[in-house]
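Every value quoted in this text rests on a predicted model; they were computed, and no experiment measured them.
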Amino acid sequence: MALTTDLLADFEARGLVHQSTDAAALREWLGTPGRRVYAGFDPTADSLHVGHLVALMLLRRVAAAGHEPVAVLGGATGMIGDPSGRSEERNLLSAEELAANIAGVERQIRGLLENTGRTVHVVNNGDWMRGVGYLEFLRDVGKHVPLAQMLGKDSVKSRLDRDGGLSYTEFSYMLLQAWDFVHLSDALDCRVQIGGSDQWGNITAGIELGRRLRARDLHGITCPLLTKSDGTKMGKTAAGAIWLDPRRTSPYRFYQYWINLDDADAGRCIERLTELPLDEIRGLADLRTANPAARDTQKRLAEELTRLVHGEAGLTSARQATAVFFGAEIGALDDATLAEIFADVPSREFARTVLDGDGLPLVDAFEATGLSPTKSAARRTIEQGGAYVNNRRVADVTHRLTAADVGGSSTLVLRSGRKSYALARFL
RNA sequence: GGGGAGUUUCCCGAGCGGUCAAAGGGGUCAGACUGUAAAUCUGAUGGCUAUGCCUUCGCAGGUUCGAAUCCUGCACUCCCCA
């Protein structure tokens, strides 16, 4: 198969190269189709999050360029914890946690890479590290790594300067990752490792080891870490990380995360995280300057990434939820759809009989669902025009919910202000 | 050990014996505006079976027709001198 793209040029055009080893040698090795390129993922949780998307997308580009992506799961390294980019010692995971995490992460990686049409290798460094004895490792690997080199790495230096320092265990992490690289070059003839810029030290350690042990040229590319213009980490919100697993972060919240990025961040993300052609991206940048209010970039970005991670159905549900959360009529939606859209929203069940006769005072419903802490607060909200039933404003403090409000379904959507929702279910 | 100052509603902080559920600011919540941003403006902000009733001003008593405000004791905090 012919190469569809010059991988390195593609990376460069999208601002994905922070540092790389000798570009000419790298380009030459990548000149043959079917080359294997790897990135590692440590299973620190049972789901990847938005921060991992860069690496995943890099591997997709590897596939798109006619090569074969290799994803390495850190069954071994995950037991240690990478000190890179961390300010303090990690807590160790138990073996069971680790196994569960690996299973979850592997499923996600396969889901995101296997539809590229290329052969995808998903391997676990636990598989080749497990049988290796400590003495053996020290003789075969440790012997070839100069301490000065290890101490010179930023990840180590910055930690040594701190009060907490770092343990011998984390210090050794680098050796494991270096050995991974050499092992993969043996087993799969994989000679390029890619990762975030915080991985440069670990990658070069592997390259150095390959030269010493095998006299082999290995290559590395790091991409800039994605950060937001306000300085916070991409994918972190006040409410926590944005995960790829829909059980942790609903497709709606995932979609909204991208929609809410500011212009500069959205511009950078659409370049680095999507597969849209560069001229379309340039077009979006022009639109953004001309009419920032339209938020075309954010919409396109959210759409692309939600479809990629959650599929077409996830995108549809996220869009429906968005429409509803911004005032669309709710009457037409059935219970199942509502349940899906409002998956993140607290709900409260009532006996259907409370709707009989005079019905349930709206004030009571607001208090019972937790939308208002007290009935007085509920009254205030209603008086000030901040109370909605199925997205229709109710300004009457004495309003009572009856069968007429609920209609055919059994769920009522209550809302306080712009964005606090609660479901009332009448069973 | 001696002397002084203080403890107020989510936070800071004002508070004259009656007009105090208690100024002002912050926060929070609503509304307007807006690009689902930021800023800004407006209103609200103890509870309730609500034109009234109940509970709150460190804790426990007391004086008074009436106390966050006066008195006594207790607890805690801070400052100064030894």
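For A:Ser420, the side-chain atoms get nearest to B:A30 when compared with the rest of B:A30, B:G35, B:U36. Across B:U36, B:G35, B:C29, the shortest atom-to-atom separation from the side chain of A:Thr381 is found for B:C29. Of the candidate nucleotides B:G31, B:A30, B:G35, B:A30 has the atom lying nearest to any side-chain atom of A:Gln384. The listed nucleotides are B:A32, B:U36, B:C29; the one nearest the side chain of A:Arg393 is B:A32. The side chain of A:Arg418 sits closest to B:U34 out of B:A30, B:U34, B:G35.
A donor and an acceptor atom, one from each side chain of A:Lys153 and A:Ser84, are nowhere located under 3.5 Å apart.
If you check every strand for non-hydrogen atoms under 4.0 Å, A:Gln256 touches a base. No contact: A:Tyr257 has no heavy atom under 4.0 Å from any strand. Residue A:Asp263 is classed as a base contact, given a heavy-atom separation below 4.0 Å to a base.
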Pairing of RNA chain B as dot-bracket, 5' to 3': ( ) intra-strand, [ ] crossing, | other strand, . unpaired, with Watson-Crick or G-U pairs under 3.5 Å?
(((((((..(((.....[.....)))((((((.......))))))(((...)))...(((((..]....)))))))))))).
Check nucleotides 20-23 of chain B against the protein and report each pair of N or O atoms closer than 3.5 Å, with its distance, or say if there are none.
none

Taking only nitrogen or oxygen atoms into account, show me every contact under 3.5 Å that the protein makes with nucleotides 45-47 of chain B, one pair per line with its distance.
unit_1	atom_1	unit_2	atom_2	d
B:G47	OP1	A:Thr374	OG1	3.0
B:G47	OP2	A:Arg380	NH2	3.0

